2 protein chains.
Amino acid sequence: METATLKNQASRFQELLEQRGLKCTYERKQIFDEVMHLREHFDADSLYERFKKRGLRISRDTVYRTLPLLLESGVVQKSAGAGHRDFFERIGIKGHHDHIICVKCGKIIEFQCEDIEKLQDKVCNDYGFKLSFHDHRLFGTCKECQ
Amino acid sequence: METATLKNQASRFQELLEQRGLKCTYERKQIFDEVMHLREHFDADSLYERFKKRGLRISRDTVYRTLPLLLESGVVQKSAGAGHRDFFERIGIKGHHDHIICVKCGKIIEFQCEDIEKLQDKVCNDYGFKLSFHDHRLFGTCKECQ
DNA sequence: ATCCTATTAAGAATTAATCTTAATTAGATA
DNA sequence: TATCTAATTAAGATTAATTCTTAATAGGAT
Ligand SMILES: [Mn+2]
Ligand SMILES: [Mn+2]
Ligand SMILES: [Zn+2]
Ligand SMILES: [Zn+2]
């Protein structure tokens, strides 16, 4: 199951590269592999730092340019975190989910709502859009902070 | 109707200030007034520039600090735009809506989906959150770009 | 093996947002 | 109304995040 997901996501990434006429470079493969090992949310710079620590010559810019490709191929999704960084996380076994964020204490809760996902598809369909990915964040006050 | 909305939003902003024990300063009033005149989406800096052009001494920082208050009081909502800026727009007569963005050409379409809004409320309720505002953006390819 | 073009590394530059400090002001109190 | 005090502000510096620039490298076709 896990292996199936990995294979599936690898091929989806490959397919996107092909479709766009993008080359399957060493760096893109490394970034894909590294992301597949991450279990928590992350940002571009922390991913870059991991390569730096391992002594791999992958530039910050390449990381920044590759993440949108992983987004669009469904390997990662938008996530939530502190500050104004872009956060990502791998779409693993638990699958896609969205986030509720407490504006007081910063607590983040993940939620899954199949009905919302379906409605999103419908909305996009209505407008002739092909949905690629989305970013859905609910901001409010958690029970403890109210 | 327009007047009613304006009055309503003004009092909601006032209420938030009171609730938080925040002072109703000249600057906050000016920013509220200026925002109420905007019909399109905008970012913090462009709002700041408007004051600068008019010769008003409102600092960039005050604009940045006031926008979250307008968000939380329901005067503005998160919007979408180019780049990594935070975009906002007034919740006017047309009411709240969300955005679909074409990843190829940047075209932005606004949509309203009452069912999604209701489901969001339900989700927050389930987790004991009091929903304050949200950011829902769908990224995909528009009809022309497919 | 050679070529052409896309991609990359490295670091500079830009951009967006936040922080610092001293001055100002709202609102409470006398 | 005058005085007081804590909150708020302006201005500009700083930090943080992302993108750009240039020259070198490498994928994949021929
Ligand atoms: Mn979702
Ligand atoms: Mn919405
Ligand atoms: Zn909280
Ligand atoms: Zn398009």
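All chains are named by letter (A, B, ...) in the order of the sequence lines, taking the proteins before the strands, and each is independently numbered beginning at 1. Since we're looking at a predicted model, the values are computed, not measured.
Sorted by first and then second residue, the salt bridge (charged side-chain N to carboxylate O under 4.0 Å, His left out) pairs with a member in residues 11-24 of chain B read B:R20-B:E72; sequence neighbours excluded. Residue pairs that meet the ring pair (Phe, Tyr, Trp, His ring centres under 6.0 Å) test with at least one member in residues 39-62 of chain A, sequence neighbours left out, are A:H41-A:F87. For residues 5-39 of chain A, the set of pairs meeting the ring pair (Phe, Tyr, Trp, His ring centres under 6.0 Å) definition, not counting sequence neighbours, comprises A:F13-A:F32.
With sequence neighbours excluded, no residue satisfies side-chain hydrogen bond (donor to acceptor under 3.5 Å, both in side chains) with A:D115. With sequence neighbours left out, B:R50 forms a side-chain hydrogen bond (donor to acceptor under 3.5 Å, both in side chains) with B:E34. With sequence neighbours excluded, the residues forming a side-chain contact (heavy atoms from CB on, under 4.5 Å) with B:K122 are B:D126, listed by chain and number. Considering only residues two or more places apart in sequence or on other chains, A:K104 meets the side-chain contact (heavy atoms from CB on, under 4.5 Å) condition with A:C102, A:T141, A:C145. Under the rule for a side-chain contact (heavy atoms from CB on, under 4.5 Å), the partners of A:A80 that lie at least two apart in sequence or sit in another chain are A:H99, A:I101, A:I108, A:R137.
Proximity of a side-chain donor or acceptor of B:Q9 to a complementary backbone N or O of B:I91 within less than 3.5 Å is detected.
Contacts between chain B and DNA chain D, taken as any atom within less than 4.0 angstrom of a protein heavy atom, begin and end at D:dA6 to D:dT19.
A salt bridge is absent between A:E27 and A:R57; no separation between the charged side-chain nitrogens and carboxylate oxygens falls under 4.0 Å. Salt bridge annotation for A:D61-A:R65: present, with a cationic side-chain nitrogen under 4.0 angstrom from a carboxylate oxygen.
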Fill in: Trace of the side chain to side chain donor-acceptor pair (under 3.5 Å) decision for A:H134 with A:Q77
CA-CA 8 Å; A:H134 66 272; A:Q77 65 159 70; over 6 Å; no
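With the nearest nucleotide of DNA chain D identified for both A:R57 and B:L56, B:L56 has the one nearer the 5' end.
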Report all interatomic pairs (protein N or O, nucleotide N or O of nucleotides 27-30 of chain C) with separations under 3.5 Å.
from: C:dG27; atom 1: OP1; to: B:C24; atom 2: N; distance (Å): 3.2

Protein N or O to nucleotides 15-18 of chain C N or O, pairs below 3.5 Å:
from: C:dA16; atom 1: OP1; to: B:R85; atom 2: NE; distance (Å): 3.1
from: C:dA16; atom 1: OP2; to: B:R85; atom 2: NH1; distance (Å): 3.4
from: C:dA16; atom 1: OP2; to: B:R85; atom 2: NH2; distance (Å): 3.3
from: C:dA16; atom 1: O5'; to: B:R85; atom 2: NE; distance (Å): 3.4
from: C:dA17; atom 1: OP1; to: B:D86; atom 2: N; distance (Å): 3.1
from: C:dA17; atom 1: OP2; to: B:Y64; atom 2: OH; distance (Å): 2.9
from: C:dA17; atom 1: O3'; to: A:H84; atom 2: ND1; distance (Å): 3.4

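Rounded to an integer number of Å, the gap from B:Y26 OH to C:dT24 C1' is 14 Å. Rounded to whole Å, atom P of C:dT8 lies 9 Å from atom CG of A:L69. One interatomic measurement links the two molecules: CD1 of B:I58 to P of C:dT24, which rounds to 16 Å at whole-angstrom precision.
Rounded to 10 degrees, the angle between the two end axes of the helix from C:dA1-D:dT30 to C:dA30-D:dT1 is 40°, with five pairs used at each end.
Ring planes of A:H136 and B:H136: parallel class, angle under 30° (limits at 30 and 60°).
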